[in-house]
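Report on the following structure.
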Amino acid sequence: MEYDFREIEKKWQAWWKENQVYKTIEDPTRPKYYVLDMFPYPSGAGLHVGHPLGYIASDIYARYKRLKGFNLLHPMGFDAFGLPAEQYAIQTGQHPARTTAENIARYRHQLDRIGFSFDWSREVRTCDPSYYKWTQWIFLQLFNSWYNPVTDKAESVDSLVTLFRNGSYREVLTGNLNPGDIDWENMTEAGQQELLLRYRLAYISEATVNWCPKLGTVLANEEVKDGFSERGGYPVERKRMRQWSLRITAYAERLLTDLQEIDWPESIKEQQRNWIGRSEGALVTFQLKDLKGGIKIFTTRPDTIFGVSFMTLSPEHELVDEITTLQQKAQVDEYVMSARNRSDRERMSEVKKVTGVFTGAYAIHPFTGASLPVWIGDYVLPGYGTGAVMSVPGHDERDHAFAIEFGLPVVQVIKGPDEWDIREKSYDVKSGKCINSDFLNGLDVQDAIPAAIRKIEADGLGSGKIQYRLRDAVFGRQRYWGEPIPVFYKDHIPCAVADKDLPVVLPEVDKYLPTEDGEPPLARAKDWRYNGLFDFETTTMPGWAGSSWYYLRYMDPGNQEAFASAESLNYWRQVDLYIGGAEHATGHLLYVRFWTKFLYDRGYIPVGEPAKKLINQGMIQGMSMFCSFVRRPDTTNNTPDGVFLYDTPSPIEGDVMRIPYEFAEFENGKYFLTREKLKQLKEENILFRDVEFISGKDIASMNPVYAGRLRELRNPGRVELQYEVEKMSKSKWNVINPDSIIDKFGADCLRLYEMFLGPLELSKPWNTNGINGTANFIRKLWKLYHTTGEGSREMQWSVTDEEPSREEWKILHKTIKKVTDDIERFSFNTSVSNFMICVNELTELRCNKRAVLEPLAVLVSPYAPHIAEELWEKLGHSTSITRASFPVAREEFFVEDVFAYPISVNGKTKFNLPIALTLTRDEIEREVMLAEEVRKLLAGKTPKKVVVVPGRIVNIVV
RNA sequence: GCGCAUGUGGCGUAAUUGGCAGCCGCGCCAGACUUAGGAUCUGGUGCCGAAAGGCGUGGGGGUUCGAGUCCCUCCAUGCGCACCA
């Protein structure tokens, strides 16, 4: 019989489920391997063909590793808290838990149809109280920990209290961390708690945050793109708020240096390096003239300190009010106000515009004693360094622009090229010799920097300092659908909920909106108090909380006593292969490393990095279809029903509109919308209700403006569509649903085709037309195990126990070798084409030998598990093919003793000459020179040189 | 502007170490069969040329007996960062 993928795929999916084929248990006798996919956020739109790409790749790898004898952990779950479900809840009043559960059910159904080998008994959902109990527990560990700079790891706050108690904190908490003089025993409890909050890894503080009024919540830096929210695209503004944050900055250095030990894509590492943004420099205090105190600045160029001609503060700087003189006050106030009201977006779009105002105050140059005017400028960022800079217009582009704008002096202190005009352009290059710089004169920049720092430290002006761009992660969200932060307030002091009271379950509320006083939705919860007495924290955790440790929960998902047992943690240790999208570079992938390091420090887990190897799968893009249109005379709008479609690939007015991909028909390399399809489209989509085709002639009679251009237009029995490759998205009408592909071609075919499209990491457009190739392959594979009777198409099972021929052995083992190499280097596309070659060659030989076809089924099984399982059963096995062993390539079956050497003259191949591979260089050369063709090609000339590479090539140079 | 990728037939791509460029598939062309199908099978298909032959991996230059692969330079596309002192 013909291969019936519908029946057979259903059969095996049910069988796998019933027999728990993919259930994993710890087995110390076997080596473990952990393959993880980034778990999906179950959106309402369901999966499109781009989503499973990475899952298919990881599934193939997992199945391969299983066949190689590894004990596989290959779980899946859902990142189920998040904004879209809550936005939907606000609109419809439906509880987000309900829509989330529905979406998960749909995802699960779609995933099941693809035939993944996930161990669903280990499924996690971040919104499940039995899961977020441990997310909250980890939060409390962060709350109860501080970062000890001496031991360079996180410790319990108890050890910090001990330091405060016995006074030895001074040796540990130096520089910025130094709290000044502490008399712990005589402090009030509130004072003590206030102090500890400055060191806890989870802490609450007044901070400038990204506030998104439209979403009603704060956002983390990586959730903001170009001044708009990543989700929804709403404007974001800066606002000072009391906020929960995580002290990820404590881990900046380790997050940076440990990148060296993990096998992750260079682009991800580079993005993380940039995001962490380490720079070495110095903190220096410039005393104020005629005022107490000074301005503390951070600079990476202490070598240019003699080039300072003014100071600049950010408008938000705390000293602004203090130092502004009476005369300047009005101007300064106005500037500060306007700077504050400008959104980030505006500030960014006006990057080139230099603005600022003089405070009237002066600082004193620490070495020359010169008076330096103190300015305010919004090019100085409040959040970086100290929010103030020493301005060196000679050697910093931004300072230069500011100095020119306001007529401030430009001093050169580094010797650049002779023709360089320092008035024209600052010399920012970090090389050259110091000039006009007192004790630094004559030193190269590279030597001057440490020399300047030494002097600054010796004179007590400041110290060397490493600065990071990385900010602490804002952790509170003024939203409903997230993990409640397990904290309550006693006399306004945040206190940890006791472990025994976890989880703090998300309470029911009447509406998912902020209260009238602008409190988060959780403030609506009735009688929601800790022990009936204390107010709970009302913000919830951000979307990335649950995903920062989920890979650990899979190791022991049912555990009630701990987030995972020591045994399972020690067995599975870390993810061996992690596959997911590159868009998480500075979000999830940084946070999961941070939480991992923290849990490692506190001794809860045995490894300090979450994933040994990471691969980013590329995006599968969609083909968006466009059709030329003209407006109906009686309308001015561009909605589909206000237009006529006409047939031309080059629209006369440049106006095109989108047509849903599934209505396009493909013919001769072009896409068309036919009359029939248009009819269907009009029925299915109300937007297209009144759309009609129009002929060129009618366009002209409708509107004489087009009359002269009629030649371009053709008669529209159908219209040609233009297309563009874009991101696959519902709004672009270019989404392909895997279900529709599976219905038509089967899951194995989808799996093969997704892999066949190209290298995993590359983005590439989906084109359903090509899928016939892999569908044919599956048919041919099936046929290989069958014969068709004389004159009939009836297929009969036909596998013999005959000994394969030498040629057949060779095909098999060559394929084993290639496919093994391909999988090992994650080159799944090439292994699919190797399968095709193998099946083509075996078909040619009419090979039906068990000794060849049985290993072939195993070889194919990671890619096309359903058909492989069916063939395996028909071959007489009663256990699953997943319990088989991956075949091993035996070289003796494919080594050749003769090689057809390409013989080239001056690097250009002329012909092939078979020569025994056992011959030496000299013997090969002799053989080649004797050949008839060579004599002809040389035409009597003597070669200058003959290059012989045994087993590869012969090149004759004349 | 800075950083990181990527550029190969009409299309998706292959070439693992510097060694026959274009494997495999789509599409296309020609043919066979005919239960007339968007089915199956056979052959062909980088470009120019009737052929011999020539030209070809984004452009230009270089190293080498030999370059898709290495180096320099320019261009294009994508992604990331972007007043980070």
Side-chain angles (χ1 to χ4, degrees), chain A residues 225-226 265-271 273-275 277-279 281 297-301 304 312 314 347-348 350-352 354 377-381 383-392 395-399 401-402 428 467-471 582-583 585-586 618-619 665-670 752-753 756-759 761-777 779 793 818 821-822 824-825 827 829-838 840 900-912 943-949 951-958:
Chain A
K225 294 266 180 295
D226 296 330
E266 197 45 48
S267 64
I268 294 281
K269 291 193 190 182
E270 193 59 29
Q271 279 183 61
R273 281 185 206 111
N274 290 339
W275 192 258
R278 182 185 199 271
S279 44
I297 58 96
F298 174 71
T299 177
T300 55
R301 295 295 302 275
T304 62
T312 314
S314 64
R347 231 165 126 160
M348 251 181 272
E350 292 168 13
V351 163
K352 293 283 172 297
V354 180
D378 71 357
Y379 79 96
V380 179
L381 300 175
Y384 187 76
T386 61
V389 300
M390 64 176 211
S391 298
V392 186
H395 305 283
D396 182 286
E397 205 187 333
R398 298 151 302 178
D399 296 338
F402 198 86
D428 295 14
Q467 186 70 44
Y468 301 92
R469 200 189 76 118
L470 184 72
R471 291 310 130 70
E583 65 273 22
T586 51
M619 254 194 318
E665 290 206 2
F666 183 71
E667 202 185 306
N668 280 8
K670 288 175 177 165
L752 284 165
Y753 188 55
F756 186 66
L757 278 175
E761 320 81 59
L762 244 59
S763 288
K764 55 249 159 185
W766 177 270
N767 183 351
T768 305
N769 299 313
I771 202 166
N772 291 325
T774 41
N776 274 339
F777 163 75
R779 231 185 327 256
R793 296 213 169 161
K818 283 188 166 164
D821 290 353
D822 287 341
E824 293 283 356
R825 66 194 170 97
S827 174
N829 55 325
T830 52
S831 42
V832 177
S833 72
N834 279 320
F835 287 138
M836 290 175 171
I837 293 168
C838 173
N840 287 348
Y901 279 86
I903 311 300
S904 52
V905 177
N906 291 337
K908 293 210 188 292
T909 310
K910 298 296 178 183
F911 68 99
N912 286 314
K944 279 193 205 127
K945 188 174 171 187
V946 179
V947 182
V948 177
V949 185
R952 286 227 184 261
I953 202 171
V954 176
N955 189 17
I956 303 165
V957 187
V958 292

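Just so it is clear: chains get the letters A, B, ... in the order the sequence lines come, proteins before strands, and each one is counted from 1.
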message: For B/G12 and A/N829 - does any side-chain N or O of the residue sit under 4.0 Å from the phosphate oxygens OP1/OP2?
response: no
query: Think A/S279 has a side-chain N or O under 4.0 angstrom from the OP1 or OP2 of B/A85?
result: yes
message: Whether A/R469 contacts B/A82 is assessed here as follows: a side-chain N or O lying under 4.0 Å from the phosphate OP1 or OP2. Is that the case?
response: yes
- request: Using only side-chain N and O atoms of A/K945, determine if any of them is under 4.0 Å from OP1 or OP2 of B/C65.
  value: yes
query: So which nucleotide from B/G80, B/G19, B/G25 ends up closest to the side chain of A/F756?
result: B/G25
Residue-phosphate contact under 4.0 Å: A/N776 side-chain N/O, B/U40 OP1/OP2: yes
query: Within less than 4.0 Å of OP1 or OP2 of B/U40, is there a side-chain N or O belonging to A/R779?
result: yes
message: Applying side-chain contact (heavy atoms from CB on, under 4.5 Å) to A/M390 and A/T304, what does each step give before you reach the verdict?
response: CA-CA 10 Å; A/M390 64 176 211; A/T304 62; 3.9 Å; yes
- request: Report yes or no: does A/S314 contribute a side-chain atom to a donor-acceptor pair with the main-chain N or O of A/G387 at less than 3.5 Å?
  value: yes
query: Taking for each residue the nucleotide of RNA chain B with the nearest heavy atom, is it A/K910 or A/N906 whose nucleotide lies nearer the 5' end?
result: A/K910
query: Which string of ( ) [ ] | and . matches RNA chain B, if you list each base 5' to 3' and count Watson-Crick or G-U pairs only when both distances are under 3.5 Å?
result: (((((((..(((......[....)))((((((.(..)..))))))(((....)))..(((((..]....))))))))))))....
message: Any donor-acceptor pair, under 3.5 Å, between the side chain of A/N955 and the base of B/C65, if you only look at N and O atoms?
response: yes
- request: Calculate the interatomic distance between A/Q271 atom CD and B/A5 atom C1'; express it in whole Å.
  value: 11 Å
- prompt: Between B/G25 and A/N769, is there an OP1 or OP2 to side-chain N/O distance shorter than 4.0 Å?
  reply: no
